[in-house]
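What follows is a short report on a single structure.
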Amino acid sequence: MTTVDGLAVIDKEAGWTSHDVVAKARGIFGTRKIGHSGTLDPDATGVLLLGVGRATRLLRFLTPLPKQYVGELVLGAETTTLDASGEVTALHDMAEVTPHQVAEAASRFVGDIMQVPPMVSAIKVGGRRLHELAREGIEVEREARPVTVHELAVAPVDAPAGVYRIEVNCSSGTYVRSLAADIGSALGGGGHLRALRRLAVGSFAIEEAHPVGSFAIDEAHPVGAPELLSMVEALRDYPSVTVDVDLGRRVANGQVLRSEEIAAEGDGPWAVLGAQGQLLAVYETHRSGMVKPAVVIPA
């Protein structure tokens with residue numbers, strides 16, 4: 001069986017769960033050691049990051065990266081799931097709502113906000129995931145969580161009336177479906193989300209994403225098939241430092257170091273590279289003037 005390590009930037013298709021994509025990738029890459037950095041709903045499409053082999057150890061650093069989305073806000077109908085996959089629970093006459101009013105309502109959700117996770121999310125309450133409880137018809141109280149919406153733009157589509165294109169730049173953990181529902185409520189009615197597409201996770205944009213089925217690693221590898229990004233490239237959104245051979249041995253052994261030994265600047269974490277450019281470890285702040293390994297990559 002071929003051993004591969006790296007990051008696959010997937011353009012997830014509608015109708016696939018994130019787990020479906022992982023299962024497909026396990027067959028393609030010939031390993032069960034595959035994970036993803038953040039779930040996309042089955043109806044949503046777009047960027048999904050897969051760690052393959054040793055790169056699964058880096059996914060914890062990719063999950064917190066900011067996200068960029070585009071979708072459609074449908075005013076006038078509330079649903080059980082806050083998106084188009086759910087059953088309609090309430091209808092509102094919002095024909096008189098103007099684009100200016102929608103933009104003004106949306107502006108209230110820009111910045112640091114508190115957001116209540118939807119019942120169809122994967123967050124655990126009392127040891128069970130919310131979406132599992134929702135399938136049983138159980139609704140529980142959820143605590144609002146802090147998230148940050150960096151940018152939020154809405155504009156009416158050509159047709160039909162009451163549908164708005166919504167573009168969101170936000171922190172990890174932000175639920176765009178909740179934003180859509182909250183905007184609808186702020187306008188005195190209701191709304192839901194449809195056609196959600198994730199355009200970027202950090203610097204990993206849709207332009208470099210590929211369907212999972214287009215990857216291949218065997219002898220029949222088609223010409224032009226996408227390749228995995230290296231583990232160094234997987235950490236491109238973080239600062240990196242390069243160490244010499246002697247210090248590289250200490251890094252590989254997981255030693256706690258003084259910050260200046262690896263020339264660590266800023267808050268980290270830092271990708272620590274060996275003299276040949278290979279990823280040795282990821283270090284993070286330990287205590288004043290010290291850094292420690294969060295992950296050490298075995299040779």
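What you are looking at is a predicted structure, and each value in this text was computed from that prediction instead of being measured.
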Through direct or indirect side-chain contacts below 4.5 angstrom among Ile, Leu, Val, Met, Phe, Trp and Tyr, which residues connect to Leu257?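 Via sub-4.5 Å side-chain contacts, Leu257 links to Val241, Val243, Leu247, Val251, Ile262, Trp270, Val272, Leu280, Tyr283, Val291.
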
Residues clustering with Val88 (ILVMFWY side chains joined when closer than 4.5 Å, directly or via others):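 Besides Val88, the hydrophobic cluster comprises Leu91, listed by chain and residue number.
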
Give the table of side-chain donor-acceptor pairs shorter than 3.5 Å for residues 186-194, with sequence neighbours excluded, one pair per line with atom names and distance.
| unit_1 | atom_1 | unit_2 | atom_2 | d |
| --- | --- | --- | --- | --- |
| His192 | ND1 | Ala77 | O | 2.9 |
| Arg194 | NE | Glu72 | OE1 | 2.7 |
| Arg194 | NH2 | Glu72 | OE1 | 3.2 |

Counterpart residues, side-chain hydrogen bond (donor to acceptor under 3.5 Å, both in side chains), relative to [X] (two or more places apart):
{"X": "His36", "value": "none"}
{"X": "Asp43", "value": "none"}
{"X": "Tyr69", "value": "Arg198"}
{"X": "Lys67", "value": "Ser172"}

Salt bridge (charged side-chain N to carboxylate O under 4.0 Å, His left out): which pairs involve residues 277-293, sequence neighbours left out? none

Here the salt bridge (charged side-chain N to carboxylate O under 4.0 Å, His left out) pairs for residues 154-171, sequence neighbours left out, are Arg165-Glu167

Once salt bridge (charged side-chain N to carboxylate O under 4.0 Å, His left out) is applied, do any residues pair with Arg26, and if so which ones, sequence neighbours excluded? none

According to salt bridge (charged side-chain N to carboxylate O under 4.0 Å, His left out), who are the partners of Glu265, at least two apart in sequence or on a separate chain?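 For Glu265, no residue satisfies salt bridge (charged side-chain N to carboxylate O under 4.0 Å, His left out) once neighbours in sequence are set aside.
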
Pairs meeting criterion side-chain hydrogen bond (donor to acceptor under 3.5 Å, both in side chains) with involvement of residues 90-112, two or more places apart: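 side-chain hydrogen bond (donor to acceptor under 3.5 Å, both in side chains) check on residues 90-112 returns Glu78-His92, Thr98-Gln101, Glu104-Arg108, Asp112-Thr148.
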
May I ask you to say whether Arg250 pairs ionically with Asp244, meaning some side-chain N is under 4.0 Å from a carboxylate O?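 The answer is no: the pair does not qualify as a salt bridge.
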
